[in-house]
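Comments concern the structure below.
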Protein chains: 2
Amino acid sequence: MRYDIGMTSELITPVKTFLHDLQNRICQILEQEDGLAKFAEETWQHHSGGGGISRVIENGAVIEKGGVNFSHVEGCELPKAATDKRPELANASFQALGVSLVIHPQNPYVPTAHLNVRCIIVEKAGKPPIWWFGGGFDMTPYYGFEEDCVHWHQMAKAACAPFGEDIYPKFKKWCDQYFYLKHRDEPRGIGGLFFDDLNEWDFDQCFAFMQNVGNHFIKAYQPIVARRKNHAYGGLERDFQLYRRGRYVEFNLLYDRGTHFGLQSGGRTESILMSLPPQVTWRYNWQPERGTREAELYETFLVAREWV
Amino acid sequence: MRYDIGMTSELITPVKTFLHDLQNRICQILEQEDGLAKFAEETWQHHSGGGGISRVIENGAVIEKGGVNFSHVEGCELPKAATDKRPELANASFQALGVSLVIHPQNPYVPTAHLNVRCIIVEKAGKPPIWWFGGGFDMTPYYGFEEDCVHWHQMAKAACAPFGEDIYPKFKKWCDQYFYLKHRDEPRGIGGLFFDDLNEWDFDQCFAFMQNVGNHFIKAYQPIVARRKNHAYGGLERDFQLYRRGRYVEFNLLYDRGTHFGLQSGGRTESILMSLPPQVTWRYNWQPERGTREAELYETFLVAREWV
């Protein structure tokens, strides 16, 4: 049997179709929730092949800055962020397809949300393509609401349910471990799902799982945005939000594999760093006062918990 | 000959004395220039030995946020950021002494400045201590002034002059290469000096070089602060400053060896991340308009140039 580009594109085409559709559906729903701003689209080409469609929404009624990016990048050499765990794939050509999203809302009572779904296919001449899926979604509240966290994790659990009872606990735990700021000894948020290197099922089933994750993100986030977007807030909450956004920046630049993969593979910097918040503050050695809602975030929400 | 802790402390004591004094002198001069705010001091202990003295100034008339940190950390295992280039020193115990400084001024016409001087001594039982020095200073203007850049580099050159004619060009070039944002294809600022792994001279001469770098930083920065601190500015300049500060964050979290060394060796997070600006913005895909002073920064100053 010969393996050629035809085989890879047979795998890729349905993934690409799904990802385009996912990007469209998410943007439509977010525009609907925002009610004011619209996504602006830019397409870009990658230097070694492929490219992407970046959609950015700014200064909305609900969303201060958000990006929903589709990319399909081809390269001759997998970046270090991917070959650290797979040294045998150094110098292999690859295709990476994904949708990546970060939403930074105006209102501190609306949590920041992140979704990523991706598929990577590596081709070595004369060998069958090697592929894996990765992604997940996680939520970063500024003010915690028990019911929001429960709903978020119910949707995460529902996304996993058809694939086995052990999947949600496994990928929920992985999410808690991954979105963790070691230098602060602090979780980034209340978690959700994280998976990578997924190829233990056949391609179709792994792809079906990725689709379920993408589709459940919408069901997870939209009701929370709708519920909190009109919550009254003042300067104190806003200041805390800007301060907490600093943690998001620290995580993405210090630890995030996706950010490093993107920058190392020569991806479009402005699209990759779309994840960074529009306004951020760092206050030296600041701690919330005991008994405040700000302290409650750390004590009650930024701890590894079983939400469902 | 036996090598013991006595030998190491013979090396360390004068370095420590100099660094304490340097911290004091710099803080005194910066308080003088500020005229309003004073440095607040905190001492801290490192979990595996040693500790530091953090001095922070906030909301001054001139300095929005600045930190001048002394640290002397002992550890049983050199962090990855140091052993990448020296695999033979993995698992060796070490002492790291340094002064590290970042100043973020209020006024966009006053540049951000960075200084670091450090000495690392590694001990392996029964062997002579291995040591090296590193550091440098570099400047990041928001609005460029030719005379400031020339003065800055004249002081950098003067610091190097007694050690040979080739030293300034070598460490100036290293600085340009080090403080470079690969993902933006953009220098962080107008450079200065950067050196690391310095042990080609004897200990005393390397130490003398480090002292000269520390002392010349003061002569380099103070006149620029004095000259620019009363320059009138408005919202446009302030916005550009906050936007450009994002590059500082990107560099320090994505690339800076000192930041990674500190965080990996379990240093005090709040002291290490003192380098991050107090307020920062990220604007998606923003470009300065042609012919503006903001565009001039990129075209005329953020390029590798011979300033003296």
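To find a chain, count down the sequence lines: A is the first, B the second, and so on, and within it residues start at 1.
For B:Leu273, the part sitting under 4.5 Å from any heavy atom of chain A is the side chain, from C-beta outward, and nothing else. Contact of A:Arg268 with chain B is made through the side chain alone, with heavy-atom distances under 4.5 Å. When heavy atoms are compared at a cutoff of 4.5 Å, B:Leu254 approaches chain A by way of both its backbone and its side chain.
A salt bridge between A:Asp196 and A:Arg257 is present, with a side-chain N of the basic residue lying under 4.0 Å from a carboxylate O of the acidic one.
Ring-centre distance between B:Tyr248 and B:His114: not below the 6.0 Å cut-off.
Both tests do not hold together for A:Arg244 against A:Tyr142: distance to the six-membered ring centre under 6.0 Å, angle to the ring axis within 45°.
Chain A is approached within less than 4.5 Å, heavy atom to heavy atom, by B:Val56, B:Glu58, B:Lys65 from residues 55-70 of chain B, ordered by number. Scanning residues 182-189 of chain A against chain B with a 4.5 Å non-hydrogen threshold yields A:His183, A:Arg184, sorted by number.
Of the N and O atoms on the side chains of B:Arg25 and B:Gln28, not one donor lies less than 3.5 Å from an acceptor on the other residue. Side-chain contact of A:His72 with A:Gln95: a donor-acceptor pair under 3.5 Å is present, judged by distance alone. Between B:Glu42 and A:Tyr284, the side chains place a donor N or O and an acceptor N or O closer than 3.5 Å (distance only, hydrogens not considered).
Looking only at side-chain heavy atoms (C-beta outward), B:Leu242 and A:Gln279 stay at 4.5 Å or farther from each other. Counting heavy atoms from C-beta on, the side chains of A:Glu74 and A:His46 never come closer than 4.5 Å. Residues A:Ile190 and A:Pro141 are in side-chain contact: their nearest non-hydrogen atoms beyond the backbone lie under 4.5 Å apart.
The CH2 atom of B:Trp286 lies 9.0 Å from the CG atom of B:Asp239; values are rounded to the nearest 0.5 Å.
Ring geometry for B:Tyr178 against B:Phe251 counts as perpendicular: the plane angle is over 60°, on a 0 to 90° scale with 30° as the lower cut.
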